[in-house]
Amino acid sequence: MSFPLLTVTAAVPAVGAVVTAAVPAARRTTAKWVALLFSLATLVCAAIALVRFEPGGDRYQLTESHAWIADFGVRYELGVDGIGVALLALTALLIPFVIVAGWHDADPLETHSSRWRPTQGFFALIMAVEAMVILSFEATDVFLFYILFEAMLIPMYFLIGGFGDRAHAGSDENAAAQRSYAAVKFLLYNLVGGLVMLAAVIGLYVVAGNFSLQEIAQARASGDLSMATSTERWLFLGFFFAFAVKAPLWPLHTWLPNAMGEATAPVAVLITAVVDKVGTFAMLRFCLQLFPEASRWATPVIMVLALISVIYGALLAVGQRDIKRLVAYASISHFGFIILGIFAMTSQGQSGATLYMINHGISTAALMLVAGFLISRRGSRLIADYGGVQKVAPVLAGTFLIGGLATLSLPGLAPFVSEFLVLVGTFTRYPAVGVIATVGIVLAALYVLVLYQRTMTGPVKAGVHGMSDLKARELVVVAPLIALLIFLGVYPKPLTDIVNPAVKQTMSDVQKHDPKPEVEAAQ
């Protein structure tokens, strides 16, 4: 039997979570280093998987399949296509930066206390989320994916509610109440989506007789398995609803600003750059592959909802007074672009959407982590409390600017390539939607540049005097992310080579072809 690389890649952070949680209460620094070392080992495993993946080979590679609950046809079945392996690598890449950025976020305020274990719990929960997200990108058994899809809510709930942002306006009681509200809202929204999906998973089993994604897809393609049109559409809606909550898509988005606003900056990155990607990834893997006719049927409505997300998220970002909530609403706009690309049903749109998932993860991590460093110095998330930061902390201001420019998809930085492909792919099939979506680009420039102007330029405000610049630990977090944004902005070919074959197979699943360009004959 071949080496179970995918299992090992998910098992390393799971073991890391257990070991980190077991570190004695007084050994907080040891717990941090244990989590970091396990996350780096996970990154090595992900890098090996990325190298071993052959873009021109079989659709699903590095596969594993073992009986699990045989009586119900449930198998422990893993495999990655180009999209899955790219997102797996993104997750493994970001977690070490999340851990280093949050190095002191869970230190107890009472330094003399040896009874508390918040540090161990904080980093153990991060590692648990990483294990579940990685395994969800690998799972090709629908039931296994569902379990992971729901299970990752538990550690995320405690990370939001138990380890919230300390830079909160108001009393400690008010801060705790806001964290609890954000955590419960996150959990309830996603649990409702998961329950709807569970009904659809059961319905799929009744129709197909098993949970294997590959077997069901092959049976559908060969004609051995047929679904009534109404059945397929209801099942599609059950899956899509859960993924739209996770993504999130308007109007199911309202949990995200609360969660990101109340969480620490590293946990906010974990939410929007890692966990939320499971929703958009699942739209590609499950909705389009299992329910092609229903995907085509629902496309017009989904395109409208995605377009609303693009404009609505950007408009609300413009009006925000809270730095972290601004980034949250910007992410809602960006997820609208991703879903536009997926359901445009063009190769450019879907390639752009996949690249957008990766590039958005990197750019949002860079911007949010620098924002977290800024907030930790001033003790406030309000934009109005800042001004003139570039005069006292020029490196911090410079990295904040680059992260912001990446967020508005400046040419030369990685998100530009993905946003351009999404818009091109959308315009070729839905010209009106493509034109209106470009308004989101203008609004992105507005909210990013206004944010930078109000926080970094102008006279130095009283609370900003004496603010320190980025330290070595913080530079270790930010510098590689910025370098990656520049590299992938100039040379995206390594990513496109991996994801394009998977996109072609997805296009084949939904029986769609790129529209032929209309060229007038020369007179």
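Values below: every heavy atom of this structure, side chains too, minus hydrogens, waters and symmetry copies.
Considering only residues two or more places apart in sequence or on other chains, Arg325 meets the salt bridge (charged side-chain N to carboxylate O under 4.0 Å, His left out) condition with none of them. Applying the salt bridge (charged side-chain N to carboxylate O under 4.0 Å, His left out) test to Asp469 and every residue at least two apart in sequence or in another chain returns nothing. Remark: Lys32 pairs with Asp107 by the salt bridge (charged side-chain N to carboxylate O under 4.0 Å, His left out) rule, at least two apart or across chains. Partners of Asp141 under the salt bridge (charged side-chain N to carboxylate O under 4.0 Å, His left out) rule, at least two apart in sequence or in another chain, do not exist in this structure.
Sorted by first and then second residue, the side-chain hydrogen bond (donor to acceptor under 3.5 Å, both in side chains) pairs with a member in residues 3-12 read Thr7-Glu64, Thr7-Tyr76; sequence neighbours excluded. Applying the ring-ring contact (aromatic ring centres under 6.0 Å, His included) rule to pairs touching residues 12-46 yields Trp33-Trp103, sequence neighbours excluded.
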Can you list the steps and then say if Leu50 with Ile498 is a side-chain contact (heavy atoms from CB on, under 4.5 Å)? CA-CA 9 Å; Leu50 195 62; Ile498 293 173; 3.7 Å; yes

Evaluation steps, side-chain contact (heavy atoms from CB on, under 4.5 Å), between Leu213 and Phe286: CA-CA 8 Å; Leu213 172 68; Phe286 296 100; 4.1 Å; yes

Show your working on salt bridge (Lys or Arg N to Asp or Glu O under 4.0 Å) between Lys185 and Glu262 and close with a plain yes or no. CA-CA 12 Å; Lys185 190 174 184 179; Glu262 298 305 322; over 6 Å; no

Take Phe158 and Phe122, measure what ring pair (Phe, Tyr, Trp, His ring centres under 6.0 Å) needs, and give me the verdict at the end. CA-CA 9 Å; Phe158 288 109; Phe122 180 74; over 10 Å; no

Does the pair Ile160 and Arg179 meet the rule for a side-chain contact (heavy atoms from CB on, under 4.5 Å), with working shown? CA-CA 7 Å; Ile160 297 168; Arg179 288 198 300 270; 5.8 Å; no

Applying side-chain contact (heavy atoms from CB on, under 4.5 Å) to Asn359 and Glu419, what does each step give before you reach the verdict? CA-CA 10 Å; Asn359 294 332; Glu419 194 165 279; over 6 Å; no

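Arg378 places no side-chain N or O within donor-acceptor distance of the main-chain N or O of Leu374, the cut-off being under 3.5 Å. When atom types are taken as modelled, the side chain of Arg321 and the backbone of Ile383 share no donor-acceptor pair closer than 3.5 angstrom. Remark: the backbone N or O of Pro24 is paired with a side-chain donor or acceptor of Gln120 at under 3.5 angstrom. Under the 3.5 Å distance criterion, the side-chain polar atoms of Thr140 are matched with a main-chain donor or acceptor of Glu77. Although no hydrogens or angles enter the test, the distance criterion places no donor-acceptor pair under 3.5 Å between the side chain of Thr272 and the main chain of Val269. A donor-acceptor pair is defined here as one N or O able to donate and one able to accept, closer than 3.5 Å; no such pair exists between the side chain of Lys324 and the backbone of Asn258. With Glu150 contributing its side chain and Tyr146 its backbone, the two residues share no donor-acceptor pair below 3.5 Å. A donor-acceptor contact shorter than 3.5 Å is absent between the side chain of Arg454 and the backbone of Tyr386. Remark: side-chain polar atoms of Thr91 are not paired, donor with acceptor, to backbone N or O of Val274 under 3.5 angstrom. Between the side chain of Thr20 and the backbone N or O of Ala17 there is no donor-acceptor pair closer than 3.5 Å.
Going from atom CD1 of Ile271 over to atom NZ of Lys246 covers 11.0 Å, rounded to the nearest 0.5 Å. Between the CZ atom of Phe281 and the CG atom of Leu88 there is a distance of 9.5 Å, given to the nearest 0.5 Å. For the atom pair CH2 of Trp68 and CG of Leu144, the computed distance is 5.5 Å after rounding to the nearest 0.5 Å. Atom CD1 of Ile402 sits about 12.0 Å away from atom OG1 of Thr407, to the nearest 0.5 Å. Interatomic distance, CD1 of Ile134 versus CG of Leu78, reported as 12.0 Å (0.5 Å rounding). Taking CG from Leu94 and CG from Leu270, the interatomic distance works out to 9.0 Å, rounded to the nearest 0.5 Å.
The two residues Ala242 and Gly194 make their nearest non-hydrogen contact at CB-N, 4.4 Å. Contact between Pro480 and Leu475 at its shortest, heavy atoms only, is CD-O, 3.9 Å. Nearest approach of Gly82 to Val499, heavy atoms of both residues: O-CG1, 4.1 Å. Smallest separation of non-hydrogen atoms from Ser409 and Tyr356: OG-OH, 4.3 Å. Taking both residues in full, the closest heavy atoms of Ala445 and Leu408 are given as CA-CD2, 3.9 Å, listed atom of the first, atom of the second, then distance. What you find for Pro248 and Asp276 is that their closest heavy atoms are CD-OD2, 3.9 Å.
In this structure, Leu148 and Val278 have side chains that are not in contact, with every pair of non-hydrogen atoms separated by 4.5 Å or more. Taking the side chain as every heavy atom from C-beta outward, Leu256 and Phe186 never approach each other to under 4.5 Å. Under the 4.5 Å side-chain criterion, counting only non-hydrogen atoms from C-beta, Ile126 is in contact with Ile95. Residues Leu413 and Leu405 form a side-chain contact, since some pair of their non-hydrogen atoms from C-beta on lies under 4.5 Å apart. At least one side-chain heavy atom of Phe373 sits under 4.5 Å from a side-chain heavy atom of Val478. At a threshold of 4.5 Å between non-hydrogen side-chain atoms, the residues Val476 and Phe97 do not count as touching. By the 4.5 Å heavy-atom criterion applied to side chains, Val275 and Met132 are not counted as neighbours. Under the 4.5 Å side-chain criterion, counting only non-hydrogen atoms from C-beta, Pro13 is not in contact with Val129.
Judged by distance alone, the side chains of Tyr452 and Gln390 do bring a donor and an acceptor atom under 3.5 Å apart. Donor-acceptor pairing under 3.5 Å is recorded for the side chains of Thr254 and Tyr189.
By the 30° and 60° cut-offs, the orientation of the rings of Tyr312 relative to His253 is perpendicular.
Phe211 and Phe145 have their aromatic ring centers separated by at least 6.0 angstrom.
Heavy atoms of other residues, nucleotides or ligands lying less than 6.0 angstrom from CZ of Arg27 number 12 at most.
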